[in-house]
Protein chains: 2
Amino acid sequence: MKKPFGAWVDFRLSPQDCPKEYMLALNDALNVLTGKWKLHVIGALTTGKKRFSEIERFIPEINPRMLSKELKELEVNGIVSRTVQDRSPAIVEYELTKSGKEIKPVFDAMITWGLEHRQSSIRNGGK
Amino acid sequence: MKKPFGAWVDFRLSPQDCPKEYMLALNDALNVLTGKWKLHVIGALTTGKKRFSEIERFIPEINPRMLSKELKELEVNGIVSRTVQDRSPAIVEYELTKSGKEIKPVFDAMITWGLEHRQSSIRNGGK
DNA sequence: CGGTATCCACTGCGATACTG
DNA sequence: CAGTATCGCAGTGGATACCG
């Protein structure tokens, strides 16, 4: 962590001489983002704490099985927290953790790249 | 594109009122990175232009079918370029395109987040 | 050398129905 | 309300063999 990893280009990702921790970190980030609904779920929670059914309404096309699965994965990965309020009908609330909120710069980088990339794809007449 | 997208938190990702282009950009970025070997292939090519068999040696566990497939996808997505030198035994070389090289900040953001996230996971005794 | 072809296992995801 | 159970299918990826 001490040395800033200035250049990606300076190291190889595979297999021997690649900084293991960077690959792990990269994979962590990727794991958080893969799966059809992760982005949507995180997006839903960026507007604040929500209950299961609220998220469902936020992402109309998702089915409860998938939502449950994605939430569980995000929870295991420390991106969202799940809290149960023991009222008469129990209330379950999901919320982004600190890590979950801090993922924003990653999205921003992806969006920046994606927009620029789209532009150059168009310029090249490319697909 | 004019307005910098300062805050992710300011918009919802799903479904109606999310800036479509951001979602598209985000998905573009994600598409480039998903698949078991994409990261490795890009990593291999960050150290420069390489031939098919060189990449294979760089990623020993990959099989030719997968390498071929991943390279084709990366090519279609404008991340790598493929050039054939018409020597007697034809030489095929793969190289990162401009877009391919420019993806570095995305990786850096992911690594930064991943490293920090790992730290806080440990602090919380979590995982 | 730079790939394809074939086959097969595993998994992601959707649809639908059901439960404490 | 907040999920789980079951099924089924399409897509991903591995192993191995083969080709110009």
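Numbered from 1 within each chain, the chains take letters A, B, ... in sequence-line order.
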query: First contact, last contact: which nucleotides of DNA chain D are these for chain B, 5' to 3', heavy-atom distance under 4.0 Å?
result: D:dG13 to D:dA15
Of all pairs that satisfy salt bridge (charged side-chain N to carboxylate O under 4.0 Å, His left out), the ones with a partner from residues 26-47 of chain B, not counting sequence neighbours: A:Arg118-B:Asp28, B:Lys38-B:Glu70, B:Lys38-B:Glu73
- prompt: Do the side chain of B:Ser81 and the main chain of B:Thr97 share a donor and acceptor less than 3.5 angstrom apart?
  reply: no
message: Using modelled atom types and a 3.5 Å cut-off, is there a donor and acceptor pairing between side-chain atoms of A:His117 and backbone atoms of B:Asn77?
response: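 Yes; at least one donor-acceptor contact below 3.5 Å.
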Going by the rule side-chain contact (heavy atoms from CB on, under 4.5 Å), which residues pair with [X] if we only count those two or more places apart in sequence or in a different chain?
{"X": "A:Asn63", "value": "A:Arg65, A:Met66"}
{"X": "B:Ile91", "value": "B:Arg51, B:Gln85, B:Arg87, B:Glu93"}
{"X": "B:Arg82", "value": "B:Glu75, B:Val84, B:Val92, B:Tyr94"}
{"X": "B:Pro64", "value": "B:Phe52, B:Glu56"}

message: Once salt bridge (Lys or Arg N to Asp or Glu O under 4.0 Å) is applied, do any residues pair with A:Lys98, and if so which ones, sequence neighbours excluded?
response: A:Glu102
field: Strand-adjacent residues in residues 82-93 of chain B, judged by heavy atoms under 4.0 Å from DNA chain D
entry: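 Correct list: empty, so none.
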Heavy-atom side-chain contact between [X] and [Y] under 4.5 Å:
{"X": "B:Leu30", "Y": "A:Leu39", "result": "yes"}
{"X": "A:Leu26", "Y": "B:Phe107", "result": "yes"}
{"X": "B:Ile55", "Y": "B:Ile62", "result": "no"}

- prompt: Any side-chain N or O of B:Ser68 less than 4.0 Å from the OP1 or OP2 oxygen of C:dG2?
  reply: no
task: For the helix from C:dC1-D:dG20 to C:dG20-D:dC1, figure out the bend between the end axes, five pairs an end, and round to 10 degrees.
output: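 The angle separating the two end axes equals 50°.
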message: Strictly under 4.0 angstrom, non-hydrogen atoms only: write out the protein contact profile of nucleotides 12-20 of chain C, one letter per nucleotide from the 5' end, B, S or -.
response: -BBB-----
- prompt: Taking atom types as modelled and ignoring hydrogens, do the side chains of A:Lys50 and A:Thr47 form a donor-acceptor contact shorter than 3.5 angstrom?
  reply: yes
